[in-house]
Amino acid sequence: MSVTSEFIARSERHSAHNYHPLPVVIREARGAWVTDVDGRRYLDCLAGYSSLNFGHGNETILAAAREQLDRLTLTSRAFYHDRFAEFCAALAELTGKDMVLPMNTGAEAVETAIKVARKWGYEVKGVPDGKAKIIVAEGNFHGRTTTIVGFSTDPDARGGFGPFAPGFTVVKYGHADAIRDAIDEHTVAVLIEPIQGEAGVIVPPDGYLRQVRQLCSEHNVLFIADEIQSGLGRTGETFACDHEGVVPDVYVLGKALGGGVVPVSAVAANADVLGVIRPGQHGSTFGGNPLACAVGVAVIGLLRTGEYQARARELGAVLHRRLGELVGRGVTGVRGRGLWAGVDFDPALLTGREVCERLLERGVLAKDTHGATIRLAPPLVVTKEEVDWAVDRLAEVLPR
Ligand SMILES: *Cc1c(COP(=O)(O)O)cnc(C)c1O
């Protein structure tokens, strides 16, 4: 047995089978490259679902984490700590909002946004108690808690996990009319991904986000943008909403906010919205801890340079031009923005899983989404040569 298959067999024996990983066991990583236990190297074109936008082992982030590790890691929110104000101020400035509420994982931040929107609905908008409604989109992915999977449209995500929380209306993604039709006097929020990641990197039609913004403003409804995967540089702007010049009422952030080191998530909004949460009404033991804040501050510092957004824009253009050349050669469609692409294959020829297995053999890590679609999202530190190289490998796995 190879070292790899031994590790895989041991992993499967004592872990729940809630994932179906590709057969590679990673041991170390730097920048855009990882090395497995047998010494093989791979270009990481998943980047932890965009958690590793700044690359594996980013020195700036690691230095901040190391310094903090040696000094103070956890206090709980029962006390203040000396990194908290700095992180909250930096994230408020990055988002242009008054306030932030730090949590840990993405799902927790989404849950926070749901709680805030409902409370805002009752206390500010005047919705009768228990009636608050939130509009969400078909194909959404917002995390794995019972409330969140309750409004998923993916049978695997929700099957067997009910009963589910009421108060959500699912409408077609990318159609502002569907949102207009669904809004009523009890609607407190529209919760959408500006680009749907797990659904296959689905970019809505131009103008959709602006229309959602306008509808929400007209009807006194909060626009909650789940930018957990689309935000923080991935699409070539700090936020995917920036492409349409749209500012949501609530940003939900996670993934790359933790710099690939620790889970860090947050909700950002103005005081008229986040101010509805008062002491004792929401919290998290680990949310906003000193290590998370130190890492988050370093991440925000990297974003402030604009360098990563620029790389995503420039290299994203290369990625999309090169992928476009494969259309008609087993590839049926390419979508995305910046260094983020969903690639559809002819299902009669290849499944997404098969493509990823063949890429793995050629030294590229990628992940299928549904059926015959894969997603490519390398760390934003990847070079043009590496992007070209990855697309060349993809061309090799297509049937001739
Ligand atoms: C990954 C993701 C989440 C959930 O984040 P977790 O940290 O896995 O809980 C929520 N929304 C979007 C858009 C995501 O991509």
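Counting starts at 1 for both ligands and their atoms, in listed order.
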With sequence neighbours left out, write down each residue that passes ring-ring contact (aromatic ring centres under 6.0 Å, His included) with F168, or none if nothing qualifies. F151
Would you say CZ of R27 has more than 12 non-hydrogen atoms from neighbouring residues, nucleotides or ligands within 6.0 angstrom? no
Those protein residues which place at least one heavy atom below 4.0 Å from ligand 1: T105, G106, A107, F141, H142, G143, E193, D226, I228, Q229, K255
State whether the number of non-hydrogen atoms from other residues, nucleotides or ligands found under 6.0 Å of R10 atom CZ is greater than 12. no
Which pair of non-hydrogen atoms, one from L253 and one from I228, has the smallest distance, and what is that distance? C-CG1, 3.8 Å
Check the orientation of Y308 and F54. Use parallel for under 30°, tilted for 30 to 60°, and perpendicular for over 60°. perpendicular
Quick check: do L91 and V297 have side-chain heavy atoms less than 4.5 Å from each other? no
